[in-house]
Amino acid sequence: MTATSVSPSITAFLEWQRLQDHYGEIASVHLRELFGADPRRGRDLTVTAGDLFIDYSMSRIDRDTLPLLVALARAVGLEDHRDCMLRGDPVNTTENRPALHTALRLPASAELSVDGRDVVADVHRVLDRMATFTDRVRSGRWRGATGRRITTVVNIGIGGSDLGPRMVCQALRPYSHPDLSVRFVSNVDPADLLAALDGLDPATTLFVVASKTFTTIETLTNATAARSWVIGALGEDAVDRHFVAVSTNAAKVAEFGIDPANMFEFWDWVGGRYSIGSAIGLPVMLAIGRGAFGDFLAGMHTVDRHFATAPLESNAPVLLALLGFWYANFFDAETRAVLPYANDLAALPAYLQQLAMESNGKSVQLNGTPTDVSTGAIWWGEPGTNGQHAFYQLLHQGTRLVPVDFLGFAEPAADLPLSDGSGSMHDVLVSNLLAQRRVLAFGRTPADLAADGILEDLIPHKVMAGNRPSTTILAPELSPGVLGQLIALYEHQVFTEGVLSNINSFDQWGVELGKDQALQLHRAVGGGGVAESVDSSTEAIVQWYRAIRDGSPRM
């Protein structure tokens, strides 16, 4: 198989029909029955990848389900598709590019050549430059235009140039430099930039402008405003000491006014949502240092190797992808909740939204024909225990089936004892995680409620149907290496679901049209008049907007 080979839809395979038949047998089986009939289920339906311990025993499957799902994955050539991606074949078929984010975390001793170029050498050349620069900033040897040391880094980007580094910096907060804070700006709404600049001194602020093409309108608008803020306080010559760029476009970086010597490169085979291990991770390295960033990359590589070598039957990303595909296509699950019981992972659901929904939010197969399977579940979530007092009611008693990923850690970054000596606050947190997954799975029956003396007319309101599936992902602690493993686990899961759906997970044409339309409408919104081709609704809204902006009486 080559990267450009086009498989038939997965529904054309005999293995699909066998899975449909199996679904008819298991669809109505309750998790209470599955656990009751299989005493070893909770011990056997687990898998380990690196430091990650994954329990999928509370899934709507029996001992026959996964072999059938794995057979389906083999039928569509998953292993061949995986190998194509890892060796640098152009798996992004609509743009004729590799998707080589895994090369970003290869060790320096590895070998990988693409089109005759040593990719590993290129990656480590940039990593070495990043490390030298971050050492200088963190030590105070890189100073601003007035000679004062940098105390705040402001990353300006959007999408993958923002969500990844923002999430990782927040998740690894305990590892951050005590005298260097990192802030993020992404929204073109001026409130975002103004909030990030609030209380900052231009003389001690360093901006990282992250844009692959250095043409992204939101990023360049924010960066231009930040540049004016610095110049207004320190003068034009200060730009070189207060701005660096992460980009592939040296000419545009120079045109903006940043010395290309202060540009950190990455490559067109790095998709934005897969780019956190590249120079896009510069604010992360600034925050946690070169050593911890190296641990972060090593964690991703650990799961890369697992994905590349583990048999499908014990391959963690593959198993999780198969379960996601199973729920979406047989149980009609439209959404998926990621619930980290770690407050520092508050930004993880938003990060995974882009990773999964931009990758697999497609309705066309590789051959250009419409899909006939469900693709691109809606990902969402919130840290526990906050979500328990918000949306868990729907998870437990609503009419929608929402598969859940619970994330937890044995050791917290910090903990506080309970005054009654019954443990710690972290123990309370983990107890809530365990309780929620049990209630989702097993629920509470009318007989249970009656035995507890609940009034008969209240019993229907208090019944918990259960049979709500979940996966639990645990690790010793939220370290840089473990976070890298989590990210790679989800990356490869998304890729696998894309292969199963016969779609290209590495383009995002749906994002581009809105950008083009916004550029066309900017002139009208700014007061330059509406083009004749604009629809009547948009024309009316522009006129309403301009009337208010111009101080005219409201229409």
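Nothing here was measured: the structure is a model prediction, and the numbers come from that model. Throughout, numbering of the chain's residues begins at 1 and tracks the sequence.
Contacts of Asp344 classified as salt bridge (Lys or Arg N to Asp or Glu O under 4.0 Å), with partners at least two apart in sequence or in another chain: Arg173. Under the side chain to side chain donor-acceptor pair (under 3.5 Å) criterion, Arg305 pairs with no residue, sequence neighbours left out. For Leu86, the side chain to side chain contact (heavy atoms under 4.5 Å, CB included) partners two or more places apart in sequence, or in a different chain, are Arg82, Thr102, Ala308. Residues satisfying the side chain to side chain donor-acceptor pair (under 3.5 Å) test with Asn155, not counting sequence neighbours, are none. With sequence neighbours left out, Asn343 forms a side chain to side chain contact (heavy atoms under 4.5 Å, CB included) with Pro383. The side chain to side chain contact (heavy atoms under 4.5 Å, CB included) search around Ala131 returns Met285, Arg290, not counting sequence neighbours. Checked against side chain to side chain donor-acceptor pair (under 3.5 Å), Lys362 has the following partners two or more places apart in sequence or in another chain: Asp507. Scanning for side chain to side chain donor-acceptor pair (under 3.5 Å) contacts around Tyr341 gives Gln388, Tyr392, with sequence neighbours left out. For the side chain to side chain contact (heavy atoms under 4.5 Å, CB included) test, residues two or more places apart in sequence or in another chain that qualify with Ala356 are Trp379, Val494.
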field: Chi angles and distances behind the salt bridge (Lys or Arg N to Asp or Glu O under 4.0 Å) call for Asp128, Arg125
entry: CA-CA 5 Å; Asp128 289 344; Arg125 174 178 49 80; over 6 Å; no
field: Evaluation steps, salt bridge (Lys or Arg N to Asp or Glu O under 4.0 Å), between Arg546 and Glu539
entry: CA-CA 11 Å; Arg546 286 307 330 162; Glu539 181 178 10; over 6 Å; no
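The main-chain N or O of Arg138 is found under 3.5 Å from a side-chain atom of Arg149 such that the two form a donor-acceptor pair. A donor-acceptor pair is defined here as one N or O able to donate and one able to accept, closer than 3.5 Å; no such pair exists between the side chain of His242 and the backbone of Thr204. Formation of a donor-acceptor pair under 3.5 Å by the Ser275 side chain with backbone atoms of Ser278 is not found in this model. Side chain of Asp535 to main chain of Ser537: a donor-acceptor pair is present (N/O by atom type, distance under 3.5 Å, no hydrogens or angles). Of the possible donor and acceptor atoms, none in the side chain of Arg183 sits under 3.5 Å from a partner among the backbone N and O of Thr152. Side-chain atoms of Asn504 never come within 3.5 Å of backbone atoms of Asn92 as a donor-acceptor pair (strictly under, hydrogens ignored).
Each of Leu106, Val270, Leu112 was evaluated against Leu100; a single residue qualifies, Leu112, per the side-chain contact (heavy atoms from CB on, under 4.5 Å) test.
Residues Pro403 and Leu323 form no side-chain contact, since every pair of their non-hydrogen atoms from C-beta on lies 4.5 Å or further apart. Side-chain contact check for His101 versus Phe506: some heavy-atom pair is nearer than 4.5 Å.
Between Phe133 and Phe264, the ring-plane angle classifies as tilted under the 30° and 60° cut-offs.
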Between side-chain atoms of residues 193-200 and protein atoms elsewhere (two or more places apart, or another chain), which donor-acceptor pairs fall under 3.5 Å?
none

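Within the structure, the side chain to side chain donor-acceptor pair (under 3.5 Å) test picks out the following pairs touching residues 222-232 (sequence neighbours left out): Arg227-Glu236. Residues in residues 247-261 take part in no side chain to side chain donor-acceptor pair (under 3.5 Å) pair, two or more places apart or across chains.
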